[in-house]
Amino acid sequence: MSTRPVRVRIAPSPTGDPHVGTAYQALFNAAFARRHGGKFVLRIEDTDRARSTPESERAILAALRWLGIAWDEGPDVGGPFAPYRQSERLAIYREHVERLLAEGHAYRCFCSRERLEQMRAEHRASKDFPGYDRRCRGLDPAEAARRANAGEPHVVRMKVPTDGHAVLSDLLRGEIRKDWASIDDQVILKTDGFPTYHLANVVDDHLMRISHVIRGEEWINSLPKHVRLYEMFGWEPPVFCHLPLLRNADRNRSKLSKRRNPTSIEYYRRAGFLPEALVNFLGLMGWSPADGEEKFTFEQMAREFELERVSLGGPVFDVEKLRWLNGRYLREDHDAKRLVDRLEEWALNRETLERIAPLAQPRLQTLADWGYLTAFFFADDVPFDPDAVTIKGLERDELLDLLQIVALRLDARREWTADGLDADFRRLAGATGLKLRDLTRPFYLVITGRPAATPLFQSMEILGPDLCRVRIRRALERLGPVSAKRRKAAEQRMLEIFGADAP
RNA sequence: GGCCCCGUCGUCCAGCGGUCAGGACACCGGCCUUUCAAGCCGGGAACACGGGUUCGAGUCCCGUCGGGGUCACCA
């Protein structure tokens with residue numbers, strides 16, 4: 001057990017919407033740091049060049065800030081171990097890779113993606129271990145270096161023992177053993193010169209003096225590689241503690257996923273949840289205070305938080321209970337004035353009303369029409385008659401396909417403007433031979449809860465991506481079920497119509 | 001499928017060898033109440049299964065079953 005000063009971190013990768021799982025990890029790390037008078041670091045793991053975006057990074061930071069989870073060091077506030085963005089630390093990783101190469105702990109691999117793919121396919125077919133076959137491990141290092149210097153594309157892989165087993169330690173699970181034979185020579189430096197998670201993570205955790213790595217259970221299988229890297233560098237590894245994964249409320253309790261549940265923190269904000277309630281609720285996942293009181297602040301949690309008290313069963317993210325908790329905050333911690341403040345912070349403010357006004361104005365006969373006309377802007381769910389969701393001439397299945405295609409396309413979209421949405425719907429109308437008005441009709445119902453409302457695309461822009469996506473998903477669920485086969489086909493169709501990239 | 005992790009009410013937790021297995025959400029009843037909420041009172045509801053260890057197992061060990069995770073030049 002380490003006696004070093006407590007330093008923990010959360011290391012999100014900026015590749016999508018701010019996820020409640022990230023907040024969950026952040027909360028437990030922050031509480032642990034606070035409890036032990038340590039530091040909590042936010043590090044951006046943007047080593048995936050294709051998927052990382054600055055917008056996502058901004059959104060993740062903003063979401064955590066909204067939740068009131070504060071970090072001591074990070075890309076925005078700096079700190080003694082800056083930079084805290086991995087894309088700005090490439091020289092450091094390269095240096096460390098060079099060292100492993102020089103010491104014979106790693107080797108250059110020139111295998112093409114095609115070859116690897118083919119190899120994996122063969123292994124799958126023959127049920128062999130599907131890892132890399134280590135073809136390049138035996139290459140002469142000098143020769144490999146020459147080829148690399150000549151510009152031949154390659155990756156660098158770490159050498160992993162070929163027999164015996166790794167003995168690992170997890171704070172909550174104790175000793176874990178894993179055969180080295182089940183682990184392949186992991187790529188640590190990609191062709192583009194970026195490190196993979198495994199390398200960057202270990203190097204940074206060491207350099208940033210991280211004492212405890214508290215992360216999701218999904219990482220447990222790569223722990224041997226990480227521990228091995230510490231060994232190869234001759235570093236003392238931190239204490240590892242793998243937290244259970246948040247689960248869907250479905251039959252299988254699979255890892256929380258947006259197909260089944262809203263996972264974006266932004267959704268919860270837009271749906272009217274209070275940050276203190278969401279944080280409190282996450283604190284109840286796998287942990288509870290000694291006195292059993294379920295309503296508590298971060299400070300109260302941090303005061304008595306112990307990792308040892310975390311339970312290992314994967315907790316189901318039960319929105320019903322979150323709603324109850326949120327209700328308690330609303331009525332116990334707010335008088336009328338404060339409640340109105342909260343409503344204003346949330347959505348009932350001049351800025352939002354002024355955005356909606358131009359859409360509502362042409363449809364108003366009295367000011368009082370405002371209420372029902374714009375109610376859906378200030379709602380989470382909207383009620384609608386499922387039987388009324390139709391497109392003339394289309395079977396229900398075909399209609400569901402359309403909803404599915406739109407849901408997938410909207411998931412892929414990063415930019416959220418009326419014009420962009422307009423373009424998408426027009427394209428879909430064109431591809432399906434439908435008139436735009438026929439195509440959009442069911443979406444009025446699903447998005448606004450009414451057959452006629454303010455203009456769809458502009459309304460969607462104001463409503464924002466999270467609420468729109470959730471409403472379409474819920475509609476799919478209400479109108480479904482959609483078979484897995486049909487869903488796959490819709491996915492294919494979406495790709496045909498829109499391509500893989502979205503603005 | 002191989003490997004790894006996990007297994008207490010439908011859900012979230014408590015229990016860390018001896019409890020009538022406790023609390024919370026949800027559900028069902030009742031009270032309060034101009035409605036609905038809220039609040040209060042009450043109810044049904046769980047130790048996955050089978051072997052051990054022990055005077056005694058939800059608690060320790062093994063197996064089975066079930067669930068999850070992971071097997072990428074994604075994290």
Side-chain angles (χ1 to χ4, degrees), chain A residues 11-16 19 21-22 44-52 86 109-113 116-117 120 123-132 153-157 165-166 168 170 172-174 176-201 215-225 242-256 281-295 308-328 330-332:
Chain A
S13 90
T15 52
H19 197 281
T22 305
I44 294 295
E45 308 235 335
D46 55 348
T47 55
D48 184 340
R49 260 217 278 202
R51 295 195 305 148
S52 296
Q86 292 188 326
C109 170
F110 300 88
C111 294
S112 67
R113 286 168 198 269
L116 293 176
E117 226 163 273
R120 269 192 282 269
H123 287 176
R124 242 196 315 276
S126 63
K127 287 200 227 163
D128 284 343
F129 169 62
Y132 176 57
H154 65 283
V155 300
V156 177
R157 291 177 183 272
H165 55 258
L168 314 151
D170 177 276
L172 289 168
R173 288 158 249 260
I176 298 170
R177 281 158 188 277
K178 195 159 166 62
D179 287 338
W180 282 116
S182 70
I183 299 163
D184 72 350
D185 287 351
Q186 180 66 45
V187 171
I188 54 175
L189 193 72
K190 310 180 211 178
T191 305
D192 65 6
F194 274 57
T196 57
Y197 168 86
H198 307 283
L199 192 270
N201 178 264
R215 75 228 298 191
E217 200 179 3
E218 58 205 319
W219 291 110
I220 227 170
N221 282 312
S222 33
L223 188 53
K225 294 171 193 169
H242 294 87
L243 261 23
L245 263 18
L246 264 25
R247 308 292 183 87
N248 290 315
D250 58 16
R251 198 177 171 67
N252 289 342
R253 299 177 167 207
S254 50
K255 174 163 83 165
L256 195 65
F281 178 69
L282 290 172
L284 251 12
M285 303 278 90
W287 185 83
S288 64
D291 66 6
E293 173 54 60
E294 294 190 289
K295 185 173 171 235
E308 286 79 0
R309 274 180 60 84
V310 172
S311 65
L312 259 19
V316 170
F317 191 93
D318 178 10
V319 183
E320 275 310 309
K321 187 154 182 173
L322 170 58
R323 295 177 69 85
W324 163 79
L325 232 204
N326 200 66
R328 272 190 74 179
L330 246 17
R331 69 187 99 86
E332 292 174 13

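Numbers restart at 1 for each chain; the letters A, B, ... are given by sequence-line order, proteins then strands.
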field: Passing option when Arg215(A) is tested against Leu243(A), Asn201(A), Ile220(A) for side-chain contact (heavy atoms from CB on, under 4.5 Å)
entry: Asn201(A)
query: So, Lys225(A) side chain and Ile183(A) main chain: donor-acceptor pair closer than 3.5 Å or not?
result: no
message: When the P atoms of A14(B) and G7(B) are compared, how many Å lie between them, rounded to an integer?
response: 11 Å
statement: Among A24(B), G69(B), A75(B), the one nearest any side-chain atom of Ser254(A) is G69(B)
- request: May I ask which nucleotide in the shown strands pairs with C20(B), Watson-Crick or G-U wobble, both distances under 3.5 Å?
  value: none
Residue Pro315(A), side-chain atoms from C-beta onward, closest of A75(B), U70(B), C12(B): C12(B)
- prompt: Taking OP1 and OP2 of A75(B), is either one under 4.0 Å from a side-chain nitrogen or oxygen of Thr47(A)?
  reply: yes
query: When you measure from the side chain of Lys255(A), which nucleotide among A75(B), C12(B), G69(B) comes out closest?
result: G69(B)
query: Does the A24(B) base have a donor-acceptor partner in the side chain of Lys321(A) within less than 3.5 Å?
result: yes
Opposite nucleotide pairing with C25(B), Watson-Crick or G-U, both atom distances under 3.5 Å: G10(B)
message: What's the gap between C13(B) and G50(B) when it is taken at their C1' atoms, as a whole Å value?
response: 28 Å
- prompt: Quick one: is A72(B) close enough that its OP1 or OP2 comes under 4.0 Å of any side-chain N or O from Arg113(A)?
  reply: no
query: C28(B) and C36(B): how far apart are their P atoms, nearest whole angstrom?
result: 14 Å
query: How far does the P atom of U8(B) sit from the matching atom of C60(B), given to the nearest Å?
result: 13 Å
- prompt: C3(B) pairs with which nucleotide, Watson-Crick or G-U wobble, both distances below 3.5 Å?
  reply: G69(B)
- prompt: If you look at every strand shown and take non-hydrogen atoms under 4.0 Å, does Leu245(A) touch a base, only sugar-phosphate, or nothing?
  reply: sugar-phosphate
message: Within the 4.0 Å heavy-atom criterion, would you say Arg173(A) contacts the bases, only the backbone, or no part of the nucleic acid?
response: sugar-phosphate
message: Once you apply a heavy-atom cut-off of 4.0 Å, does Val155(A) come out as touching a base, just sugar-phosphate, or nothing?
response: base
- line: Side-chain atoms of Leu284(A) come closest, of C73(B), C12(B), C25(B), to C12(B)
message: With rounding to the closest Å, how many angstrom separate the P atoms on A37(B) and G44(B)?
response: 24 Å
statement: Walking RNA chain B from its 5' end, the first of Trp219(A) and Met285(A) to be reached, judged by nearest nucleotide, is Met285(A)
message: Measuring from the side chain of Glu218(A) (C-beta onward, heavy atoms only), which nucleotide among G68(B), A75(B), C73(B) has the closest atom?
response: A75(B)
- prompt: Base, sugar-phosphate, or nothing for Arg49(A), non-hydrogen atoms under 4.0 angstrom?
  reply: nothing
message: Can you tell me if Arg120(A) touches the phosphate of C73(B), counting only side-chain N or O atoms and a distance under 4.0 Å to OP1 or OP2?
response: yes
message: Salt bridge or not between Arg173(A) and Asp170(A)? Use side-chain N to carboxylate O under 4.0 Å.
response: yes
message: Using atom C1' in both nucleotides, what's the gap between A38(B) and U19(B) to the nearest angstrom?
response: 34 Å
message: Of the options C13(B), G39(B), C74(B), whose atoms approach the side-chain atoms of Ser288(A) most closely?
response: C13(B)
message: Does A75(B) have OP1 or OP2 under 4.0 Å away from a side-chain N or O of Arg215(A)?
response: no
- prompt: With both distances under 3.5 Å as the test, what is the Watson-Crick or G-U wobble partner of U54(B)?
  reply: none
message: Counting only Watson-Crick pairs (N1-N3 plus N6-O4 or O6-N4) and G-U wobbles (N1-O2, O6-N3), all under 3.5 Å, who is the partner of C40(B)?
response: G30(B)
message: What's the closest nucleotide to the side chain of Glu320(A) if the choices are G69(B), C25(B), C4(B)?
response: C25(B)
field: Euclidean distance for C1', C47(B) against C6(B) (whole angstrom)
entry: 15 Å
message: Closer than 3.5 angstrom, by distance alone: can the side chain of Thr196(A) be matched with the main-chain N or O of Val187(A) as a donor-acceptor pair?
response: yes
message: Would the distance check show the side chain of Asp179(A) and the main-chain N or O of Ala181(A) forming a donor-acceptor pair, the cut-off being under 3.5 Å?
response: no
query: Looking at C4(B), C12(B), G69(B), which one has an atom nearest to any side-chain atom of Val316(A)?
result: C12(B)
Sidechain N-carboxylate O distance under 4.0 Å for Arg328(A), Glu294(A): no
For A46(B), the Watson-Crick or wobble counterpart (both distances under 3.5 Å): none
query: Between U70(B), C73(B), A14(B), which nucleotide has the shortest distance from any of its atoms to the side chain of Thr196(A)?
result: C73(B)
message: Students often mix this up, so state it plainly: with edges at 30° and 60°, are the rings of Trp219(A) and Tyr197(A) parallel, tilted or perpendicular?
response: parallel
5' precedence on RNA chain B between Thr15(A) and Pro289(A) (nearest-nucleotide basis): Pro289(A)
message: Counting only side-chain heavy atoms from C-beta out, which of C3(B), A24(B), C13(B) sits nearest to Asn221(A)?
response: C3(B)
field: Donor-acceptor contact present, side-chain Asp184(A) to main-chain Tyr132(A), <3.5 Å
entry: yes
- prompt: Using a cut-off of less than 4.0 Å, is there contact between a side-chain N or O of Lys190(A) and OP1 or OP2 of A75(B)?
  reply: yes
Atom P, compared across U59(B) and C73(B): separation rounded to whole Å: 42 Å
task: Determine the contact category for Glu45(A): base if any of its heavy atoms lies under 4.0 Å from a base atom, sugar-phosphate if only primed atoms, P, OP1 or OP2 are that close, otherwise nothing.
output: sugar-phosphate
